[in-house]
Amino acid sequence: MAKVECEIEEIQVEFNGRMIPGVMATCLHCDHAAEAGGRSDASVRRCLLKLRETCPEGEENYYVEEE
């Protein structure tokens, strides 16, 4: 398992047919991205976990916010 940095951006995401504030995490290794509603630290952690669960390369990396 490798530690991989991700870029975190504030975006608008669709939720129940409407747009709400959200975040997107993009893997700096392969550019795969995941989104979550909300802009809290918990939302960022949810994005990072989604990246691990949906990695297109099948890796189980430990994703962190870039420093």
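Applying the side chain to side chain donor-acceptor pair (under 3.5 Å) test to residues at least two apart or on different chains, the pairs with a partner in residues 33-43 are S40-S43, S43-R46. For residues 4-13, no residue pair satisfies the side chain to side chain donor-acceptor pair (under 3.5 Å) rule, not counting sequence neighbours.
A single hydrophobic cluster is seen to contain both V4 and I8, as judged by linkage of ILVMFWY side chains at heavy-atom distances under 4.5 Å, directly or through other members.
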Listing, residues 60-67 side-chain donor-acceptor contacts under 3.5 Å, not counting sequence neighbours, or none:
{"residue": "N61", "atom": "ND2", "partner": "E59", "partner atom": "OE1", "Å": "2.8"}
{"residue": "N61", "atom": "ND2", "partner": "Y63", "partner atom": "OH", "Å": "3.3"}

Enumerate, atom names and distances included, each donor-acceptor pair closer than 3.5 Å involving a side-chain atom of residues 17-32, sequence neighbours excluded.
{"residue": "H32", "atom": "NE2", "partner": "T54", "partner atom": "O", "Å": "3.2"}
{"residue": "H32", "atom": "NE2", "partner": "T54", "partner atom": "OG1", "Å": "2.9"}

